[in-house]
Protein chains: 2
Amino acid sequence: MTNNTITESSEAEFLQHYDTACYEKPSFTVDLVIFTVRDEQLHVLLVKRAEHPFKGSWALPGGFLDPQRDDSVDACAVRKLTEETGVSAPYLEQLKTYGSCDRDPRGWIATTVYFALMVSDAVRLGGNQAAACWAPVRGDGVNFNLAFDHAPILADAVERLRSKLEYTHIAVHLLPEEFTLPELQRTYEIILQQPLDKSSFRRRVVQADMLEELTGKQRDGSGRPAQLYRFREYDRLTFFPRSISRHAR
Amino acid sequence: MTNNTITESSEAEFLQHYDTACYEKPSFTVDLVIFTVRDEQLHVLLVKRAEHPFKGSWALPGGFLDPQRDDSVDACAVRKLTEETGVSAPYLEQLKTYGSCDRDPRGWIATTVYFALMVSDAVRLGGNQAAACWAPVRGDGVNFNLAFDHAPILADAVERLRSKLEYTHIAVHLLPEEFTLPELQRTYEIILQQPLDKSSFRRRVVQADMLEELTGKQRDGSGRPAQLYRFREYDRLTFFPRSISRHAR
DNA sequence: GAAATAGTGTCTATCAGACATTATGGC
DNA sequence: GCCATAATGTCTGATAGACACTATTTC
């Protein structure tokens, strides 16, 4: 700290001669596990691989990070999400990084996986001119054989999603901005695969003070109409886990 | 699936001509946040940087992944941990991946960060012939200025450690294999920075059924000796989160 | 009014915090 | 016996599940 200028100048000199290319590097990709709820089921977005390896197989969307275009890993995830779905700012959270010499036949490749939640209506599929589909999630995976190690990755993502539902309110990102409590509860039930008690559920949600009652509005089918709500601070740009009601002591 | 052999042969041909080097890649490193408890305080292992950039600054131990030596990111973390501390199999868990064009003056570098828990007695510092020290953690960081973006990374790790203490028993990895309940409680108190009720603490630990009472043994200083325990399934090789008593419903 | 769904009230089991009490060692 | 610390017991308040009950709409 005392010889600041000296340090800086020698550091500048060092950097001038530093060549990152002289070290062998693994390849680096970003993959996405994009969830939505439709037809009373949790679905995940898959794309059909147009090229080798695993040509023709279904896989999680993603691809190589481009240091020229992506200023950060997060930015790369956002870019790929937009390319794939046309949706630019849903709930997006880093899941985990997988990397080894044998998970991809092309060689040593690491992938940082994100998972995203979005409203299925908002999605425009095939923006990336690749065949894409919403695959229903059964148990902790899908009924296809997935390329690479994407099956265990998907299982991790499903596990994380379920786990987070238990102590956060991220499921609101699977619904449109305005929704009713029965809709929200149904979303939880679909993902957690178990019925929830109405009274307990409402108490929990209300106590968290995360919902804003929309005055006057109602809607829905046959019985008594339900109150419409909106998620407070529905910050569409929020990137990292909003720590909603963490398991307090 | 029907034209399996055809697919495989054309894929083999594809891979033969595939050259990973033709794409520009970010550099890839693995860094470690190694925690221990000593002198009634949480400490983190720091190394003094011997080279530019940030020469002379304290930083988290870590470095470039070597695809020749490291079969996976996890393996790379284990290797660096051993090099740095001589300890080969403590509790080790992936924290998060940080990567951007501007977090390191050498260019676009991604780092996957792991955090480890170990018994401070077991550590042999400076195995990597670099100056190393145990720095006490104050709040969510240390009293040094850390190199790169290591300060916010450390803050994330401390946050994760505290959070996990609330619903797992990972703190046992900060103690020797045999320990007493007052020692374990003290460890929790040191990290969570708050006193815990003895009765509640013991109830919690006993209910989790994770401890094995060691027959006959006792030890300690001035008052009544405490019962010695051992962690059940003290699997020194366990790598990923053992989901101990997850916040059940 | 019947059916259907939304929303509320209440009882109870569970669990954590608080704190008093007992137990066991050294001196 | 006295002190220090370990270990246990008991009360209480908060909370979640279970479930009965009321409310509001369509037909």
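Values reported hereafter were calculated over all heavy atoms of this structure, with side chains retained and with hydrogens, waters and symmetry mates removed. Note that the structure is a prediction, hence the values are computed from the model and not measured. Note on naming: letters A, B, ... go to the chains in the order of the sequence lines (proteins, then strands), and numbering restarts at 1 for each one.
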Salt bridge between [X] and [Y], side-chain N to carboxylate O under 4.0 Å?
| X | Y | answer |
| --- | --- | --- |
| B/Arg230 | B/Glu213 | no |
| B/Arg79 | B/Glu83 | yes |
| A/Glu183 | A/Arg186 | no |

[X] [atom1] - [N] [atom2] separation (whole Å):
| X | N | atom1 | atom2 | value |
| --- | --- | --- | --- | --- |
| B/Glu189 | D/dT5 | CD | C1' | 14 Å |
| A/Gln227 | C/dG7 | CD | C1' | 11 Å |
| B/Phe179 | D/dA6 | CZ | P | 15 Å |
| B/Gln185 | C/dA18 | CD | P | 12 Å |
| A/Tyr229 | C/dG7 | OH | C1' | 9 Å |
| A/Leu196 | D/dC19 | CG | P | 15 Å |
| A/Phe201 | C/dA6 | CZ | C1' | 14 Å |
| A/Arg204 | C/dT8 | CZ | P | 18 Å |

Exercise for the section: Identify, between B/Arg203 and B/Leu181, the residue whose nearest nucleotide on DNA chain D lies closer to the 5' end. Expected result: B/Leu181
Exercise for the section: Tell me the stems DNA chain C sits in, counting at least three consecutive Watson-Crick or G-U wobble pairs, each under 3.5 Å on both distances. Expected result: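 Stem segments, range with range: C:1-27 with D:1-27.
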Taking the minimum atom-to-atom distance to the side chain of [X], which one of [options] wins?
| X | options | value |
| --- | --- | --- |
| A/Asp197 | D/dA4, C/dG7, D/dA18 | D/dA18 |
| A/Pro182 | D/dG17, C/dG7, C/dG17 | C/dG7 |
| A/Pro225 | C/dG25, D/dT24, D/dT5 | D/dT24 |
| B/Ser199 | C/dA18, C/dG7, D/dA6 | C/dA18 |

Exercise for the section: Examine B/Phe28 together with A/Phe28 and report whether their ring centres are nearer than 6.0 Å. Expected result: yes
Problem - Ring centroid separation B/Phe201 to B/Tyr188 under 6.0 Å - result: yes
Practice task
Consider only side-chain N and O atoms of B/Gln185 and B/Arg202, and report whether a donor and an acceptor are under 3.5 Å apart.
Solution key: no
Handout entry: Whether B/His150 side chain and B/Leu60 backbone form a donor-acceptor pair below 3.5 Å
Key =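 Yes, because the side chain of B/His150 sits within donor-acceptor range (under 3.5 Å) of the backbone of B/Leu60.
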Handout entry: Heavy-atom donor-acceptor pair, A/Arg224 side-chain to D/dA23 base, under 3.5 Å
Key =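 Per atom types, the contact qualifies.
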Practice task
Please check the phosphate of D/dA7 (OP1 and OP2 only) for any side-chain N or O of B/Arg202 closer than 4.0 Å.
Solution key: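 The answer is yes; a side-chain N or O of B/Arg202 sits under 4.0 Å from OP1 or OP2.
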